[in-house]
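If you read the sequence from its start, that first residue is 1, and numbering goes on from there. Note that these values count all heavy atoms, side chains included, but never hydrogens, waters or copies made by symmetry.
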Amino acid sequence: MSAQALQEHFRGNSKTREFPAHSAKVHSVAWSCDGRRLASGSFDKTASVFVLEKDRLVKELNYRGHGDSVDQLCWHPSNPDLFVTASGDKTIRIWDVRSERCVTTVTTKGENINICWSPDGQTIAVGNKDDVVTFIDVKTYRPKAEEQFKFEVNEISWNNDNNMFFLTNGNGCINILSYPELKPIQSINAHPSNCICIKFDPTGKYFATGSADALVSLWDIEELVCVRCFSRLDWPVRTLSFSFDGKMLASASEDHFIDIAHVETGEKLCEVQCESPTFTVAWHPKRYILAFACDDKDGKYDSSREAGTVKLFGLPNES
């Protein structure tokens, strides 16, 4: 689809709906690989799972067990029933939506803030506040490697081919390690300030990074060169997501809008209006629907109370 066709699509599909999810702010949202379910993790120490029914989310279950904030979560890359949560309680938990329970709890060395599942489904990487990344074998639920870094580790991710591991750091660099050897391949000076987030395009052509300098950079995976920058945000870029076809990139920050850009041209396709900073965005794996969560307050009764809602953008205007 061209930029013009995508702009036209969102003229008729620009509705946002919100759904109650938690009793405190939502840190993370993620779709299952088949797009049937959305999971959210919250400061209220729980994860929630919703089922997507046509144009709305129906809450299925609230998953309890963590003793601290659920800072990040992700789904198994090919099994739509399993997801994993990372918490400040020094554990990660794997959950199964079929049995509606925790499959296993893995104790880690520190307060966990980052988590990702390898594309082959065999390994979970979790990063903590002390800049230690632990690689957990999904078959045995035991750590198989651990790396202590001398810099502030922000977001972590494998490439789509599963043979490299990427970290964004506090010095504005992208560090690339070979996988599974975990030997340094390259360090790229990506931004002049803190490099916060990283996402890989599903088609395998690009990856994107977001930084404290309010810029989003698009990188060619083969050449490891910056192809273009997106500069419509004014605040540090906290979260990124590519659409399923790799044509769109959503980016968000403390700005009161989410920028949706055309990847190949950098054009603005649309803006999603928000009333507060956005913590997390995630495109649906098959449809042009964006899930997101903001630092919203429940103003009806108490302006300091967090709303804990999850939102969907891209719904038909007449829905």
Side-chain angles (χ1 to χ4, degrees), residues 1-17 29-31 33 35 38 52 54-55 155 157 159-160 174 190-191 195-211 213-275 277-294 311-319:
M1 267 176 121
S2 67
Q4 201 172 353
L6 288 165
Q7 284 168 337
E8 192 59 41
H9 168 81
F10 287 118
R11 280 192 196 103
N13 298 270
S14 62
K15 189 171 181 175
T16 298
R17 292 174 79 173
V29 293
W31 293 99
C33 61
L38 180 79
L52 180 65
K54 201 167 175 242
D55 296 323
E155 200 153 39
S157 180
N159 64 336
N160 298 6
I174 306 163
H191 293 271
C195 190
I196 297 168
C197 46
I198 183 166
K199 279 293 180 296
F200 284 79
D201 139 37
T203 69
K205 195 174 177 184
Y206 302 116
F207 65 91
T209 56
S211 166
D213 61 11
L215 290 178
V216 175
S217 303
L218 186 74
W219 300 80
D220 181 296
I221 284 178
E222 295 299 319
E223 305 291 330
L224 295 178
V225 293
C226 181
V227 183
R228 68 183 55 86
C229 286
F230 307 85
S231 58
R232 285 182 288 270
L233 298 171
D234 289 327
W235 291 85
V237 183
R238 291 182 177 186
T239 176
L240 298 166
S241 181
F242 281 98
S243 59
F244 66 89
D245 53 7
K247 293 194 184 309
M248 294 186 285
L249 179 62
S251 55
S253 64
E254 289 182 48
D255 290 273
H256 287 195
F257 67 91
I258 299 165
D259 182 70
I260 296 180
H262 190 243
V263 169
E264 286 299 342
T265 63
E267 270 181 86
K268 181 173 89 172
L269 296 175
C270 62
E271 275 182 7
V272 184
Q273 294 303 316
C274 312
E275 290 171 11
T278 302
F279 293 123
T280 175
V281 295
W283 280 110
H284 187 275
K286 295 176 181 175
R287 295 171 63 186
Y288 291 147
I289 292 177
L290 186 75
F292 64 101
C294 304
K311 303 182 186 191
L312 292 186
F313 164 80
L315 302 173
N317 292 351
E318 64 275 7
S319 69

Ring pair (Phe, Tyr, Trp, His ring centres under 6.0 Å) with [X]: which residues, sequence neighbours excluded?
X      : result
Tyr288 : His9, Phe244
Trp31  : His284
His256 : none
Phe313 : Phe10

Quick check: closest heavy atoms across [X] and [Y], and the distance to 0.1 Å?
X      : Y      : answer
Leu215 : Ser231 : CD2-CB, 3.4 Å
Lys15  : Pro316 : CD-O, 3.7 Å
Ala252 : Ile258 : CB-CG1, 3.9 Å
Ala291 : Leu38  : CB-CD1, 3.7 Å
Gly12  : Glu318 : O-OE1, 4.4 Å
Phe230 : Gly266 : CE2-CA, 3.4 Å

Check: [Y] and [X] side chains under 4.5 Å, non-hydrogen atoms:
X      : Y      : value
Ser217 : His191 : yes
Arg287 : Asp55  : yes
Leu240 : Phe207 : no
Phe257 : Leu233 : yes
Asp259 : Lys268 : yes
Pro277 : Arg238 : yes

Task: Stepwise side-chain hydrogen bond (donor to acceptor under 3.5 Å, both in side chains) check, Ser14 with Asn317 - done: CA-CA 6 Å; Ser14 62; Asn317 292 351; 3.2 Å; yes

Task: CD/Gln4: more than 12 non-hydrogen atoms of other groups inside 6.0 Å - done: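 Not more than 12 within 6.0 Å, no.
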
As an exercise, state the distance from [atom1] of [X] to [atom2] of [Y], rounded to the nearest 0.5 Å.
X      : Y      : atom1 : atom2 : result
Ser253 : Asp234 : OG    : CG    : 7.5 Å
Leu52  : Lys286 : CG    : NZ    : 11.0 Å
Thr16  : Leu315 : OG1   : CG    : 7.5 Å
Ser211 : Ile198 : OG    : CD1   : 12.5 Å
Glu8   : Asn13  : CD    : CG    : 10.0 Å
Leu249 : Arg228 : CG    : CZ    : 11.0 Å

TODO: Determine, stepwise, if the pair Leu290 / Met248 fulfils side chain to side chain contact (heavy atoms under 4.5 Å, CB included).
DONE: CA-CA 11 Å; Leu290 186 75; Met248 294 186 285; over 6 Å; no

Open item on the list: Tell me whether Gln7 contacts the main-chain N or O of Ser2 through its side chain, where contact means a donor paired with an acceptor under 3.5 Å.
Closed with: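 Not at all, since once roles are kept as given, no pair shorter than 3.5 Å links the two residues.
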
Task: Flag, side chain of Thr280 to backbone of Ala293, donor-acceptor distance under 3.5 Å - done: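 Looks like no, no N/O pair under 3.5 Å.
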
TODO: Any chance you could lay out the side chain to side chain contact (heavy atoms under 4.5 Å, CB included) test for Trp283 and Ile260, step after step, and finish with the verdict?
DONE: CA-CA 11 Å; Trp283 280 110; Ile260 296 180; 3.8 Å; yes

- [ ] Kindly determine whether Thr203 and Asp245 satisfy side chain to side chain contact (heavy atoms under 4.5 Å, CB included), including the steps that lead there.
- [x] CA-CA 7 Å; Thr203 69; Asp245 53 7; 5.7 Å; no

Show me the donor-acceptor pairs, under 3.5 Å and distance only, between side chains in residues 219-227 and residues at least two apart or in other chains.
unit_1, atom_1, unit_2, atom_2, d
Trp219, NE1, Thr209, OG1, 3.2
Asp220, OD1, Glu222, N, 2.9
Asp220, OD1, Glu223, N, 2.8

- [ ] Give the intermediate values and the outcome of side chain to side chain contact (heavy atoms under 4.5 Å, CB included) for residues Glu264 and Lys205.
- [x] CA-CA 11 Å; Glu264 286 299 342; Lys205 195 174 177 184; 3.2 Å; yes

Task: Residues that Ile196 engages under side chain to side chain contact (heavy atoms under 4.5 Å, CB included), provided they are two or more places apart - done: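 Checked Ile196 against side chain to side chain contact (heavy atoms under 4.5 Å, CB included); matches are Asn194, Ala212, Pro236.
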
